[in-house]
Amino acid sequence: MGKRKRSHRQTLKQRGAALLVMLSVLVLGVAWFGVSQLAATANFAGAARERNADTLGRAKTALVGYVAQRAARGGENNPGRLPCPEAPGSAGGASEGVAAGNCPLPAIGRFPWRTLGVEKLVDAAAEPLWYAVSPGWALVPPGTATLTINSSSTGQLGVDGESNAAVALIIAPGAAFSVQAAPGCAARVQSRSALPPNVRDYLECENATSPADLQFASRGPAGSFNDQVVRVTPADVMPAIEAAIAHRTEREIVPLLKNVYAGAAWGTSAANPLFPYAAPFSDPAASNYQGASGTHAGLLPFSFSESCSGA
């Protein structure tokens with residue numbers, strides 16, 4: 001009888017041990033599944049950000065190329081200007097991707113891919129890119145400030161609290177989601193069916209200010225921000241602008257100077273030309289462009305004055 005009891009107890013112990021092993025295997029399986037899901041989610045998010053970075057880089061390259069190409073054109077009176085965002089109300093129509101002719105600045109809207117001559121660029125969530133432009137870098141409505149761009153021009157867009165950080169921003173909006181209320185972020189359930197698109201249904205927090213202000217962000221509270229932002233700075237665009245202007249000066253201005261100041265009317269010849277003094281370098285918007293005696297470097301003297309009689 002005693003042997004039977006011991007045998008029964010041993011059987012129960014063996015069964016209990018087997019159950020514990022099975023339970024351990026189950027726990028390990030659940031843990032492995034959870035970890036693998038987290039890894040898959042992290043890998044997907046990383047791949048999406050990498051895809052967005054590539055798309056944003058292509059958009060930035062296209063924008064810089066467009067600016068250089070426009071600056072090199074004869075007759076372009078605003079060399080270096082950036083295009084405005086897509087004209088409001090153009091989304092979904094034949095003029096989708098066409099930049100507005102002028103815009104109040106700062107301006108934010110869809111990236112003007114058609115004007116730049118590239119395909120419609122979308123992010124990893126298949127959403128079109130967005131685009132913000134600084135004051136002083138795009139055409140403004142008639143009757144407002146004059147556009148002047150030179151090598152000392154700065155961007156006025158602030159990014160993550162840094163002032164004058166960019167002349168333009170290109171933004172991948174990511175998937176629509178329910179924005180949680182957070183400092184600087186108003187709660188909103190984003191909906192993307194309405195036309196024209198509302199910036200607050202695509203961008204979040206500082207990037208979704210309507211009308212646009214000068215402050216933007218490349219990061220924000222978790223659950224309230226999924227924009228991916230690339231900056232366009234003066235250092236990105238100015239070398240291309242300066243090279244285009246140098247070529248244009250050689251092509252358009254130098255022959256005029258030679259023709260005007262190397263003729264019989266001045267008692268000179270092509271072999272011995274006489275050029276005017278330069279206009280003092282100052283804010284181009286305030287200059288009278290008149291040569292000043294003894295000034296050998298500065299602005300081109302487009303206006304006649306007695307001081308530009310010789311150099």
Side-chain angles (χ1 to χ4, degrees), residues 49-50 52-68 70-71 78-86 99-100 103-113 116 121 123 128-140 144-145 147-174 179 182-186 199-200 202-222 224-243 283 285:
R49 289 193 65 81
E50 187 174 335
N52 288 345
D54 178 70
T55 302
L56 290 168
R58 291 167 58 202
K60 180 175 176 177
T61 298
L63 181 64
V64 173
Y66 173 85
V67 171
R70 291 286 311 187
N78 292 283
R81 68 179 177 92
L82 301 178
C84 289
E86 175 186 278
C103 47
L105 298 172
I108 188 164
R110 293 282 186 89
F111 186 69
W113 54 272
L116 271 56
L121 297 172
D123 66 11
L129 302 181
W130 285 68
Y131 168 66
V133 191
S134 166
W137 286 86
L139 292 181
V140 295
T144 56
L147 179 64
T148 57
I149 296 173
N150 57 58
S151 298
S152 299
S153 296
T154 61
Q156 297 182 36
L157 299 183
V159 182
D160 298 330
E162 178 187 350
S163 300
N164 302 324
V167 301
L169 300 172
I170 308 173
I171 307 172
V179 180
C185 305
V199 63
R200 291 172 294 181
Y202 292 83
L203 309 183
E204 296 85 41
C205 304
E206 284 284 8
N207 300 342
T209 305
S210 184
D213 59 21
L214 295 173
Q215 301 305 315
F216 291 84
S218 65
R219 56 182 180 267
S224 294
F225 191 90
N226 69 346
D227 297 344
Q228 194 166 335
V229 180
V230 67
R231 304 183 191 189
V232 182
T233 67
D236 293 321
V237 297
M238 198 55 68
I241 296 170
E242 290 172 340
D283 181 357

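Quick note: numbers below take in every heavy atom, side chains included, and nothing from hydrogens, waters or symmetry partners. This one's a predicted model, so the numbers in the text were calculated from it and none came from an experiment.
Annotation: the span from Asn226 atom CG to Leu203 atom CG amounts to 9.0 Å, rounded to 0.5 Å. We find the CG-CZ distance between Leu169 and Phe111 to be 12.0 Å, quoted to the nearest 0.5 Å. We find the SG-CG distance between Cys84 and Leu105 to be 6.0 Å, quoted to the nearest 0.5 Å. Interatomic distance, CG of Asn164 versus CG of Leu214, reported as 9.0 Å (0.5 Å rounding). Here CZ of Arg49 is found 9.5 Å from CG of Leu56. Values are rounded to the nearest 0.5 Å. Separating the CG atom in Leu121 from the CH2 atom in Trp113 is a distance of 9.0 Å, to the nearest 0.5 Å.
The two residues Thr148 and Ser153 come nearest to each other via the heavy atoms O-OG, 4.0 Å. The shortest non-hydrogen separation linking Pro112 to Glu86 is CB-N, 4.2 Å. The minimum heavy-atom distance linking Pro239 with Ala235 is given by the pair CD-O, 3.3 Å. Nearest heavy atom pair, residue Trp137 against residue Val237, reads CZ3-CG2, 3.9 Å. The two residues Ile108 and Ala212 have their closest heavy-atom pair at CG2-CB, 3.8 Å. When all heavy atoms of Cys185 and Val179 are compared, the closest pair comes out as CB-CG1, 4.5 Å.
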Start with the C-alpha gap between Thr233 and Asp236, add the side-chain angles, then the distance that decides, and say whether side-chain hydrogen bond (donor to acceptor under 3.5 Å, both in side chains) holds. CA-CA 5 Å; Thr233 67; Asp236 293 321; 3.1 Å; yes
Please evaluate residues Ile149 and Asn78 with respect to the criterion side-chain contact (heavy atoms from CB on, under 4.5 Å), reporting the C-alpha separation (whole Å), side-chain torsions for both, the decisive distance (0.1 Å), and the verdict. CA-CA 8 Å; Ile149 296 173; Asn78 292 283; over 6 Å; no
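Listed for the Asp160 side chain is a donor-acceptor partner under 3.5 Å among the backbone atoms of Ser218. A donor-acceptor pair under 3.5 Å links the side-chain atoms of Asn207 to the main chain of Ala217, judged by distance alone. At least one donor-acceptor pair closer than 3.5 Å links the side chain of Ser134 to the backbone N or O of Gln156. Remark: the backbone N or O of Pro83 is paired with a side-chain donor or acceptor of Tyr131 at under 3.5 angstrom. No donor-acceptor pair closer than 3.5 Å links the side chain of Gln228 to the backbone N or O of Gly174.
Contact of the Arg110 side chain with the Leu129 side chain is not registered, since no non-hydrogen atoms from C-beta on lie closer than 4.5 Å. Here the side chains of Asp123 and Pro173 are in contact, with some heavy-atom distance below 4.5 Å.
Scanning for side chain to side chain contact (heavy atoms under 4.5 Å, CB included) contacts around Asp213 gives Glu206, Thr209, Gln215, with sequence neighbours left out.
By the 30° and 60° cut-offs, the orientation of the rings of Tyr202 relative to Trp130 is tilted.
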